[in-house]
Amino acid sequence: MKLIMLGAPGAGKGTQAEILSERLSIPTISTGNIIREALKSGTEMGVRAKSYMDEGKLVPDEVVIGIIRERLAKDDCKNGFILDGFPRTIPQAEALDNMGAAIDRVIDLEVPDEKIVERMSGRRVCESCGASYHMLFKKPAADGKCDKCGGTLVQRKDDHPDTVKERLRVYHEQTEPLKAYYQKQGKLAVVEGQEAVEDTTRLTLAAVEG
Ligand code: AMP
């Protein structure tokens, strides 16, 4: 199964992608996580991406397309994958089509902007493995510690309110047109994000199977 998780930043794509990844035993590929890793290790790509990321802007298409091309060529993608945060522009979607990655379904997770701003302020991520949590909706078992690896949970710099507003503007302008793109291909399934993660998961699973 080859899936794309589409939706605004903070809509809960990452959480749903992680759950689906476990259920379907296929990897989640998050361009955001790959870029943050590159940044931590100080690679040239990471350094180049930092200024865009910090301002809530998109990293240039050729950079993320290169990341995905390399990642999809790896062995663990043979039986499928879940793309979280890619594609985010029409040229990225076209590049993906040209790679011959026959996508089965695109799950569009819909959450109103006001809710997103509220949710982002409570979001925390593990600085070691990138797993995501929420102080109200998805608490870790131990305060400030990742359930999966014990790493420290931190607030991402780009989750601060002003940057979130810019990320939403960029989403509406550059990423939202992808809904029509995949609708035309007959692959789009819309899921309304719910308050409780389990409720959203139920709808997501139905959309994947449907
Ligand atoms: P995310 O963790 O998916 O919210 O991504 C965090 C940031 O990484 C974004 O705000 C962008 O600056 C950059 N990024 C991640 N994925 C992409 C992409 N597909 N295209 C362009 N920039 C991206």
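The figures that follow rest on heavy atoms only: side chains count, while hydrogens, waters and symmetry mates do not. Atoms within a ligand are numbered from 1 in the order they appear, just like the ligands themselves.
Among all non-hydrogen protein atoms, the one lying nearest atom 13 (C) of ligand 1 is Val59 CG2, 3.8 Å. At the top of the distance list for atom 14 (N) of ligand 1, counting protein heavy atoms only, stands Ile35 CD1, 3.8 Å. Annotation: atom 11 (C) of ligand 1 to nearest protein heavy atom, Lys57 O, 3.5 Å.
Atom CD in Gln174 sits 10.5 Å away from atom CD1 in Ile90 (nearest 0.5 Å). Distance CD/Glu55 to CD/Glu166: 8.0 Å, rounded to 0.5 Å.
With Asp54 as the partner, the salt bridge (charged side-chain N to carboxylate O under 4.0 Å, His left out) test is satisfied by one option alone out of Arg167, Lys157, Arg156, Arg36: Lys157.
Counting atoms of ligand 1 from 1 in the listed order, those under 4.0 Å from a heavy atom of Thr31 are 15 (C), 16 (N), 17 (C), 19 (N).
Neither the backbone nor the side chain of Thr89 has any atom closer than 4.0 Å to an atom of ligand 1 (non-hydrogen atoms only). Of the heavy atoms in Arg167, only side-chain atoms (C-beta onward) come closer than 4.0 Å to ligand 1. Counting heavy atoms under 4.0 Å from ligand 1, residue Arg156 touches it through the side chain alone. Contact annotation for Val64 and ligand 1: only side-chain heavy atoms (C-beta onward) come within less than 4.0 Å of the ligand.
Taking all heavy atoms of Gln174, Gln92, Met5, Met53 into account, the minimum distance to atom 8 (O) of ligand 1 is reached by Met53. Compare Lys13, Glu166, Arg88, Met120 by their heavy atoms: the one nearest to atom 3 (O) of ligand 1 is in Arg88.
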Q. Checking side-chain contact (heavy atoms from CB on, under 4.5 Å) for the pair Ile68/Leu83: CA distance, chi angles, key distance, verdict?
A. CA-CA 9 Å; Ile68 287 292; Leu83 294 178; 4.0 Å; yes
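Between Pro87 and ligand 1, a contact under 3.5 Å exists for no N or O pair. The shortest N or O to N or O distance between Gly85 and ligand 1 is under 3.5 Å.
In summary, Lys148 and Glu18 engage in a salt bridge, as defined by a charged side-chain N under 4.0 Å from a carboxylate O. Under 4.0 Å is where a charged nitrogen must lie from a carboxylate oxygen, and between Arg71 and Asp76 at least one such pair does. Salt-bridge check for Lys2 with Asp104: failed, with every basic side-chain N at 4.0 Å or more from each acidic carboxylate O. A salt bridge between Arg48 and Glu62 is present, with a side-chain N of the basic residue lying under 4.0 Å from a carboxylate O of the acidic one.
For the residue pair Asp61 / Thr89, a side-chain donor-acceptor distance below 3.5 Å is found, with atom types taken as modelled.
Residue contacts with ligand 1 include Arg36, since one of its heavy atoms falls under 4.0 Å from the ligand.
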